[in-house]
Amino acid sequence: LPSPVSAPADAVGAAQPGPPTTPAPATAVARGEFDLYAPKSALKVNTQFAGEGLYALGDIVRINDGGQRSRATGHAGTIGEYYVRHVPAGAAPNASVLAAAVDAVCPTLVPANESALAEVVLHIRVGDVLCVRPKNPHLHVQRQPPPVAEVARVVSAVAGTAPLRIIFGFHFKVCEAESYAYLRALAAATGAKLAAEAHPDVHFCHAVYAALFIQGKGGYSRLVRVVRDAKRKPSVFVAALADFGESS
């Protein structure tokens, strides 16, 4: 799945995310032991993102049915809205149209001086996978981000000392404390900058513009790689970081 977030679009290089009101146990998160599961019904779920208004770029492109197309057109000026205007309903994902959507929309979201940074961008899928009780325990664990030490090892091997930016999003605005604890531990271990929360298109643009992209888990991250492949830009797929229980 993609990474819907709540804040309005803004430049990603803005202030660091604020602290959650209830920090998660950092030691458990850093070890990758996500054992604080709760049923989703017991968690605070923001209906704005659980209903018809959800903007989920990965689902818009992958599913492309009437419901997803309606969600896309409800968000004028987005990559998803451009995409559904140029691809018929039910059509298979079209990398060329998606790349054209990026070219049309991203210059309106990301300043020119931010589009040519010699940085590495890493996408991390956080949110519900960190604390929502799984329906399928095996697949759910596969969809969680790896332990911080493992991610740091991979980043060091593929990115070296290049500046690193981490993009992320909270699914349905749940598990924020657990997510922030994981992200802070990862930033400390890698020396990365956490991107400011923003509309997912802003993060998508930065991931496409990056000198190198390290793919994370889910359809949103896979779409970034699809666009970068179409533009002949390098991406890194490491199963431990990007395998979502689906094809790579």
Side-chain angles (χ1 to χ4, degrees), residues 1-18 48-49 53-62 64 68-87 93-127 163-171 173 183 192-216 218-235:
L1 297 174
S3 298
V5 291
S6 62
D10 57 59
V12 173
Q16 298 291 309
Q48 177 183 353
F49 297 97
L54 174 67
Y55 178 82
L57 184 58
D59 286 349
I60 289 169
V61 173
R62 178 175 62 88
N64 192 19
Q68 292 298 334
R69 294 174 69 85
S70 176
R71 289 176 174 183
T73 56
H75 293 266
T78 61
I79 293 172
E81 189 262 344
Y82 181 103
Y83 182 86
V84 301
R85 283 196 289 108
H86 293 84
V87 173
N94 187 313
S96 297
V97 173
L98 192 58
V102 167
D103 291 342
V105 173
C106 285
T108 70
L109 299 178
V110 178
N113 65 331
E114 287 274 333
S115 66
L117 296 177
E119 66 178 3
V120 177
V121 168
L122 165 67
H123 175 243
I124 291 290
R125 165 74 151 83
V126 291
L164 177 68
R165 187 193 304 252
I166 298 172
I167 60 174
F168 58 94
F170 297 115
H171 282 57
K173 302 302 290 179
L183 290 164
K193 175 196 298 183
L194 294 179
E197 286 190 70
H199 188 282
D201 278 1
V202 176
H203 287 182
F204 197 91
C205 295
H206 276 276
V208 170
Y209 286 149
L212 179 68
F213 175 65
I214 303 176
Q215 184 179 342
Y220 177 92
S221 208
R222 188 164 55 246
L223 280 186
V224 173
R225 198 182 85 185
V226 166
V227 174
R228 290 180 63 88
D229 286 350
K231 292 177 171 292
R232 300 183 182 276
K233 302 188 74 172
S235 301

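Keep in mind that this is a model prediction, so the values were computed, not measured.
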Side chain H86, main chain A101, donor-acceptor under 3.5 Å: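 Between the backbone of A101 and the side chain of H86 there is no qualifying donor-acceptor contact (under 3.5 Å).
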Quick check for you: to the nearest 0.5 Å, what is the distance between [X] atom [atom1] and [Y] atom [atom2]?
X	Y	atom1	atom2	result
Y83	N64	OH	CG	6.0 Å
L194	I167	CG	CD1	11.5 Å
Q215	S221	CD	OG	5.0 Å

Salt bridge (charged side-chain N to carboxylate O under 4.0 Å, His left out) against K231, all qualifying residues, sequence neighbours excluded: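 Testing K231 for salt bridge (charged side-chain N to carboxylate O under 4.0 Å, His left out), a comparison that skips the adjacent residues, returns D103.
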Heavy-atom check, side chain of V227 versus side chain of F204, under 4.5 Å: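 The answer is yes, as the side chains (C-beta and beyond) meet within the 4.5 Å cut-off.
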Heavy-atom side-chain proximity of E81 to H75 below 4.5 angstrom: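 No, too far: nothing below the 4.5 Å cut-off.
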Qualifying residues under side-chain hydrogen bond (donor to acceptor under 3.5 Å, both in side chains), relative to E119, sequence neighbours excluded: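 So E119 forms a side-chain hydrogen bond (donor to acceptor under 3.5 Å, both in side chains) with R165.
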side-chain hydrogen bond (donor to acceptor under 3.5 Å, both in side chains) partners for N94, two or more places apart: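 Checked N94 against side-chain hydrogen bond (donor to acceptor under 3.5 Å, both in side chains); zero matches.
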Partner residues of Y209 under the ring pair (Phe, Tyr, Trp, His ring centres under 6.0 Å) criterion, sequence neighbours left out: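 Partners of Y209 by the ring pair (Phe, Tyr, Trp, His ring centres under 6.0 Å) criterion come out as none, since no residue qualifies.
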Contacts of type side chain to side chain contact (heavy atoms under 4.5 Å, CB included), residue A210, not counting sequence neighbours: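 So A210 forms a side chain to side chain contact (heavy atoms under 4.5 Å, CB included) with V121, R228.
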Which residues share a side chain to side chain contact (heavy atoms under 4.5 Å, CB included) with V120, sequence neighbours left out: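 In terms of side chain to side chain contact (heavy atoms under 4.5 Å, CB included), with neighbours along the sequence ignored, V120 is linked to A159, A162, L164, L212, I214.
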H123 and F168 aromatic centres sub-6.0 Å: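 When the ring centroids of H123 and F168 are compared, they turn out to be at least 6.0 Å apart.
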Pairs touching residues 205-216 that satisfy salt bridge (charged side-chain N to carboxylate O under 4.0 Å, His left out), sequence neighbours left out: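 Listed once each, the pairs would be none.
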Residue pairs passing the salt bridge (charged side-chain N to carboxylate O under 4.0 Å, His left out) test where at least one lies in residues 200-209, sequence neighbours excluded: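 Residue pairs passing salt bridge (charged side-chain N to carboxylate O under 4.0 Å, His left out), neighbours aside: none found.
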